[in-house]
**Q** 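What follows is a single structure, and I will ask about it in a moment.
Side chains are part of it too, since the values below use all heavy atoms of this structure and drop only hydrogens, waters and symmetry mates. Read the numbers this way: they start at 1 and go in the same order the structure lists the ligands and their atoms.
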Amino acid sequence: MKTIIEPFRIKSVEPIRMTTREQRERILSEAGFNLFLVRAEDVIIDLLTDSGTSAMSSEQWAGMMRGDESYAGASSFYRFQKSVNDLTGFDHVLPTHQGRASERILFELVGGKGKVVPNNAHFDTTRANVEHSGATAVDLPIPEAAEPAVRYPFKGNMNIAALEKLIAEVGRDRIPLVMVTVTNNSSGGQPVSMENLRAVRAVCDHHKLPLFLDACRFAENAYLIKRRETRMADRPVKQIVREMFDLADGATISAKKDGLANIGGLLLLRDEAMLHRASNLLILTEGFITYGGLAGRDLEAIAQGFEEVVHEDYLAYRIRSVEYLGEKLLTAGIPIVQPSGGHAIYIDAAALCPHIPPAQFPGQAVVCGLYRIGGIRSVEIGSVMFGPPTAGKPRLELVRLAIPRRVYTQSHIDYVIEAAGELRAIHGKLRGLRMVFEPPVLRHFTSRFEEI
Ligand SMILES: Cc1ncc(COP(=O)(O)O)c(C=O)c1O
């Protein structure tokens, strides 16, 4: 059969509250044109994030009932540890309440003033935690990542020559670790190839530097390796996942993505001394080492989620549904980052709205347009999120339509495609915005705007 169906049946449903255009106008202006400040019940299709928004399976819910809530040594922890160990081969597994808590612990240990952390592209919380420690976060993407229309299969790759140059310039002693984000969320949800991961590992070996993965979307990355890297086509996804983790000395993971869970995170380590130091920090702010800020039931949900996420029929449906949205948007004349990534489609707002300069946030104008037309919530990944572009470094002005896992059906996606078609018809009339309230960090969450 050619039709790829959702490989699940729906057992429990959650109603969507429909809103009118007039209601949405009022809601938008009350929220200061920031969709983070809109109530979820006022959203028809919520594509703000794929993080923590997955629908859980009946087996995950069954696990929730089994959750052992003992403070120390709960059986749920050991099930969680075994599931993570089976998948990644890591023996030292610390649970945290979410990905950024793992990042906070890691960079409190290895960051600090004068240190430099290279990454293919830091996610915003990773960058914030590196910088909070006093260190400098450096993005080293490949040039193709800056060209939305270029169909390079592994736009998430790290620029190996730039990594070598950085090490030569700052010296290996100032670099506590090299990080690779799979898939690369900040530049289009694009995968990193196995070949590139091996090349980064070789550089790290040469300079005796540890390699850490930001592995939130490890399964989607592995499936895209299988699909796009010819040599890897015959390998089971589970084996590719293992090969990715085998290259790393550690990893931070948000279980809210490929853990198919609504909360949770992990810090994976190989180094025993580092494990002890990390465990102390974990106990200080997250909780004891066998729960790390999570309930036993959350650990059960993650353990089961890690088993389900590497099912290849699930991944085929998952990646195809994202591709389907991308293909239809292109047909409707909406420029997007190509090829489509693992968890989201990214609209190229600068190309869609050349009449709105970066200082007036073209991405935010598209976000507001999609909400007005269809009650669709998306997120700007551009000058609102990262601040004004620095001279000589062009900034992509993107709008991310992130697809929650196992939540929406094809007709929901068709609704989004119809709304995007309407947006295309009026794109020349979209208005830029002025930021009227700017918080000091992670400003996209709480900033407020006025339309110009
Ligand atoms: C690549 C990447 N790293 C880290 C994080 C942070 O994870 P969390 O939201 O669980 O703190 C995210 C979240 O979206 C992410 O996409």
**Q** Going by the atom numbers of ligand 1, which of them fall below 4.0 Å from some non-hydrogen atom of Lys256?
**A**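 Heavy-atom distances to Lys256 below 4.0 Å select 10 (O).
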**Q** Would you call Arg406-Glu308 a salt bridge at under 4.0 Å N-O?
**A**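 Answer for the salt bridge query: yes.
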**Q** When the ring centroid of Phe77 is compared with that of Tyr291, is the distance short of 6.0 Å?
**A** no
**Q** Quick check on contacts: which atoms of ligand 1 are under 4.0 angstrom from a heavy atom of Thr125?
**A**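 Every atom of ligand 1 under 4.0 Å from some heavy atom of Thr125: 4 (C), 5 (C), 6 (C).
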**Q** Can you tell me if Cys216 contacts ligand 1 (heavy atom of the residue under 4.0 Å from the ligand)?
**A**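 Heavy atoms of Cys216 do come under 4.0 Å of ligand 1.
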**Q** Run the salt-bridge test on Arg405 and Asp258 with the 4.0 Å N-O cut-off and return the result as yes or no.
**A** yes
**Q** Give the residue, atom name and distance (to 0.1 Å) of the protein heavy atom nearest atom 8 (P) of ligand 1.
**A**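 Its nearest protein heavy-atom neighbour is Gln98 NE2, 3.3 Å.
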**Q** Between His97 and Glu286, do the side chains contain a donor N or O and an acceptor N or O under 3.5 Å apart?
**A**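 Checked: Glu286/His97 side chains pair up, N/O donor to acceptor below 3.5 Å.
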**Q** Can the ring centroids of Tyr317 and Phe8 be said to lie less than 6.0 angstrom from one another?
**A** yes
**Q** Can you check which of Glu103, Arg100, Arg217, Lys257 brings a heavy atom nearest to atom 4 (C) of ligand 1?
**A** Glu103
**Q** What is the nearest protein non-hydrogen atom to atom 5 (C) of ligand 1, stated with its residue, atom name and distance?
**A**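 Of the protein heavy atoms, Phe123 CD2, 3.4 Å lies nearest.
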**Q** Suppose we measure from atom 3 (N) of ligand 1 to each protein heavy atom; which comes out shortest, and what is that distance?
**A** Asp214 OD2, 2.8 Å
**Q** Testing Lys226, Arg227, Arg231 one by one against Glu229 for a salt bridge (Lys or Arg N to Asp or Glu O under 4.0 Å), which residue passes?
**A** Arg231
**Q** Tell me which one of Thr183, Thr96, Asn185 gets a heavy atom nearest to atom 16 (O) of ligand 1.
**A** Asn185
**Q** Thinking salt bridges, do Arg198 and Glu243 make one under a 4.0 Å N-O criterion?
**A** yes
**Q** For atom 10 (O) of ligand 1, what's the nearest protein heavy atom and its distance?
**A** Ser254 OG, 2.7 Å
**Q** Closer than 4.0 Å to some heavy atom of Thr181 - which atoms of ligand 1 meet that?
**A**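 Answer, ordered by atom number: 1 (C).
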